[in-house]
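Since the structure comes first, as structure tokens, the remarks are kept for the end.
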Amino acid sequence: MAAALEQARRAAAMEDVPIGAVVADAEGRILAAAHNRRHVDRDPTAHAEMLAIRAAAEALGDWRLAGCTLAVTLEPCCMCAGAIVLARLDTLVYGAVDPKAGAVETLYSLCTDERLNHRVNVVSGVLAGDCSRLLSEFFRDQRAKGKK
């Protein structure tokens, strides 16, 4: 999660929502690291999780990320939770809950829905205070600048 937090700080430095993600293999080696790039790329799908999943698939040469873990600073949204399931990730570790868009445990349970063909082990609340603080500070600063 420390590596994901570092990625989140990079997003904040680029004036994007500070969310970071890393994908690690079964031995704990980081295969891919990414942060939100929606503003920079002008792409609504450029969430940290999506970028990290794409990069990890490229690194492995396979779309199936079986045996891998995704660590992300904020509970994934519907799009990202769906991609996590489709990528066949073994484990998702996330920090802060997302009361407005969380699709892993808060609003929906996409990663553990028994109707789907794959379920993901979920570990929540890892460094949640640090993850939440980074987001809160970012949005406070954005409001002070007159941004939404």
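Predicted, not measured: the structure shown is a model, and the values here were computed from it.
Minimum heavy-atom separation, A34 to A48: CB-O, 3.6 Å. Annotation for A4 and V22: closest pair N-CG1, 4.0 Å, computed over non-hydrogen atoms. Residue C78 comes nearest to A103 through the heavy atom pair N-CB, 3.4 Å, listed as atom of the first residue, atom of the second, then distance. Shortest non-hydrogen contact noted between A128 and G95 is CB-O, 3.5 Å. Minimum interatomic distance between M50 and A83 (heavy atoms only, all atoms of both residues): SD-CB, 3.5 Å. Of all heavy-atom pairs between H47 and C80, the closest is ND1-SG, 3.4 Å.
A distance of 10.0 Å separates OG1 of T91 from CG of L70, quoted to the nearest 0.5 Å. How far CG of D16 is from CZ of R37: 8.5 Å, rounded to the nearest 0.5 Å. With values rounded to the nearest 0.5 angstrom, D98 atom CG is found 8.5 Å from L135 atom CG. Between atom NZ of residue K100 and atom OG1 of residue T106 there is a gap of 13.0 Å, rounded to the nearest 0.5 Å. Within the model, atoms CG of N121 and SG of C111 stand 10.5 Å from one another, a figure rounded to the nearest 0.5 Å. To the nearest 0.5 angstrom, C68 atom SG is 12.0 Å from I30 atom CD1.
Contact check for R9 versus M14: no side-chain heavy atoms found under the 4.5 Å cut-off. Considering only heavy atoms from C-beta on, L60 comes within 4.5 Å of L31 through its side chain. K147 is listed as a side-chain neighbour of E15, based on a closest heavy-atom distance under 4.5 Å. Contact annotation: the side chain of V123 never approaches that of Y94 to less than 4.5 Å [non-hydrogen atoms, C-beta and beyond].
When the salt bridge (Lys or Arg N to Asp or Glu O under 4.0 Å) test is applied to E137, no partner is found at least two apart in sequence or on another chain. Partners of R54 under the salt bridge (Lys or Arg N to Asp or Glu O under 4.0 Å) rule, at least two apart in sequence or in another chain, do not exist in this structure.
The side-chain contact (heavy atoms from CB on, under 4.5 Å) with C131 is formed by just one residue from the set V72, T73, L74; it is T73.
Side-chain heavy atoms closer than 4.5 Å link hydrophobic residues (I, L, V, M, F, W, Y) into clusters, and following such links, even through other members, never connects F138 to V40. Taking hydrophobic clusters as Ile, Leu, Val, Met, Phe, Trp and Tyr residues chained together by side-chain heavy-atom distances below 4.5 Å, V97 shares a cluster with I19. Cluster membership check: V85 shares its hydrophobic cluster with V104, using side-chain heavy-atom separations under 4.5 Å among Ile, Leu, Val, Met, Phe, Trp and Tyr. With hydrophobic clusters built from ILVMFWY side chains whose heavy atoms lie under 4.5 angstrom apart, I53 shares a cluster with V17. Clustering ILVMFWY residues whenever any of their side-chain heavy atoms sit less than 4.5 angstrom apart, transitively, puts Y108 in a cluster other than the one holding L89.
Atom CD of E114 has 12 or fewer heavy atoms from other residues, nucleotides or ligands within 6.0 Å. Residue-environment remark: CD (E58) stays at or below the threshold of 12 foreign heavy atoms within 6.0 Å.
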Take L127 and L5 through the test side-chain contact (heavy atoms from CB on, under 4.5 Å) and record every step on the way to the result. CA-CA 9 Å; L127 296 179; L5 272 164; 3.8 Å; yes
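Side-chain polar atoms of S124 and E105 form a donor-acceptor pair below 3.5 angstrom.
Using a distance-only test at 3.5 Å, with no hydrogens or angles considered, a donor-acceptor pair links the side chain of D62 to the main chain of R64. Remark: the backbone N or O of T69 is not paired with any side-chain donor or acceptor of D90 at under 3.5 angstrom.
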